[in-house]
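All remarks here apply to the structure that follows.
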Amino acid sequence: MKQLKDRILKEGKVLPGNIIKVDGFLNHRVDPRLMQDIADEFARHFDLRQVTLVMTAEASGIALATICAHRWGLPLVFAKKAKSDNIEGGLYQSDIFSYTYKKKVTLLVSNEWIQPSDKVLIIDDFMANGEAIRGLVDIVKEAGATLAGVGIAVEKGFQGGGDRLRAAGVDVRSLAIIEQADENGILFRED
């Protein structure tokens, strides 16, 4: 998606450790118009007629997933990273290692909000090593639901998370795949 890549090149920053900072428009300060355009781009790839639920992980993916779900007229559920007192009943859960926080995290979804009859489209703002997405895929499987695919705004292709998911047969659509991010700048994988 040229518009997204242009914003990454113009406003994105590469921090030490190959951290890619896009928080000026994607995951801290949010550009809703860009998010709508991203939702429209995902809609061109995925067959939304069969999707019943959009899913993401807490917290930075919520903005993009909410705009997508709203644009498509679908409900959204997000996996929490901590059990709160307002979650009743059973839980689906998956342990992941958070690249951002450098620690183990447990993703949790109440079994009240995902059913075996659901066809789930996972949407997230960013994918590095793919652990959060793997955890969400595990929750979809644990619920007995069907995975419709995974839509990612920005993927760090050099970390291999997306490639592992694709090799496992998951339909992953990333709108900007970064192959290199260092002191020399940002280079994208060719579409």
Side-chain angles (χ1 to χ4, degrees), residues 1-48 51 54-57 59-69 71-72 79 96-102 107 120-138 140 147-191:
M1 181 178 175
K2 183 177 182 335
Q3 176 188 10
L4 178 58
K5 291 176 182 178
D6 288 348
R7 290 289 292 272
I8 293 167
L9 292 175
K10 181 179 176 189
E11 300 175 42
K13 296 177 185 152
V14 180
L15 303 179
N18 291 8
I19 302 293
I20 300 164
K21 185 176 164 114
V22 290
D23 66 344
F25 57 92
L26 188 62
N27 53 22
H28 193 68
R29 178 180 174 264
V30 174
D31 180 341
R33 181 71 241 162
L34 175 63
M35 297 287 194
Q36 288 178 348
D37 293 345
I38 289 171
D40 292 345
E41 186 66 27
F42 286 144
R44 283 188 271 283
H45 178 80
F46 296 106
D47 181 2
L48 299 175
V51 175
V54 174
M55 178 184 267
T56 195
S60 66
I62 294 173
L64 176 59
T66 298
I67 288 175
C68 288
R71 194 108 171 134
W72 305 331
I96 64 166
F97 184 81
S98 171
Y99 181 83
T100 306
Y101 297 104
K102 307 287 188 256
L107 297 179
V120 181
L121 181 57
I122 295 171
I123 298 291
D124 212 354
D125 61 324
F126 209 92
M127 179 167 52
N129 61 14
E131 275 290 290
I133 300 301
R134 182 198 53 79
L136 293 172
V137 169
D138 287 350
V140 171
L147 180 65
V150 175
I152 303 293
V154 181
E155 176 185 334
K156 288 168 77 175
F158 59 88
Q159 287 193 248
D163 293 334
R164 283 188 291 279
L165 288 165
R166 289 179 191 95
V170 176
D171 180 8
V172 178
R173 174 68 171 118
S174 296
L175 303 183
I177 302 176
I178 297 172
E179 280 300 328
Q180 180 181 329
D182 56 27
E183 64 279 351
N184 297 316
I186 295 173
L187 296 175
F188 296 101
R189 183 181 292 175
E190 294 299 318
D191 292 332

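Owing to the predicted nature of the structure, the values given are computational and were not obtained by experimental measurement.
With rounding to the nearest 0.5 Å, the separation of CG in Leu175 from CZ in Phe188 is 11.5 Å. For the atom pair CD (Gln3) and CG (Asp31), the distance works out to 7.5 Å, reported to the nearest 0.5 Å. Interatomic distance, Asp40 CG to Trp72 CH2, rounded to the nearest 0.5 Å: 9.0 Å. With values rounded to the nearest 0.5 angstrom, Met55 atom CE is found 12.0 Å from Ile123 atom CD1.
Thr66 places none of its side-chain heavy atoms less than 4.5 Å from the side chain of Met35. Taking the side chain as every heavy atom from C-beta outward, Glu41 and Leu4 never approach each other to under 4.5 Å.
Val150 and Phe46 get closest at one heavy-atom pair: O-CZ, 3.3 Å. Of all non-hydrogen atoms in Glu155 and Asp163, the two that sit nearest each other are OE2-N, 4.2 Å.
With sequence neighbours excluded, no residue forms a side chain to side chain donor-acceptor pair (under 3.5 Å) with Lys13. Scanning for side chain to side chain donor-acceptor pair (under 3.5 Å) contacts around Ser60 gives Asp125, with sequence neighbours left out.
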Identify all side-chain donor-acceptor contacts of residues 130-137 below 3.5 Å with residues at least two apart in sequence or on another chain.
unit_1: Glu131; atom_1: OE1; unit_2: Phe97; atom_2: N; d: 3.1
unit_1: Glu131; atom_1: OE1; unit_2: Arg134; atom_2: NH2; d: 2.9
unit_1: Glu131; atom_1: OE2; unit_2: Arg134; atom_2: NE; d: 3.0
unit_1: Arg134; atom_1: NH1; unit_2: Asp138; atom_2: OD2; d: 2.7
unit_1: Arg134; atom_1: NH2; unit_2: Asp95; atom_2: O; d: 2.8

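In this structure a side-chain-to-backbone donor-acceptor pair under 3.5 Å is present from Lys156 to Asn18.
A salt bridge does not link Asp6 with Lys10: none of the charged nitrogens is closer than 4.0 Å to a carboxylate oxygen. Here Lys21 pairs with Asp23 in a salt bridge; the nearest charged N to carboxylate O distance falls below 4.0 Å.
The only member of Val22, Leu187, Ile20, Val14 that meets side-chain contact (heavy atoms from CB on, under 4.5 Å) when paired with Ile178 is Ile20.
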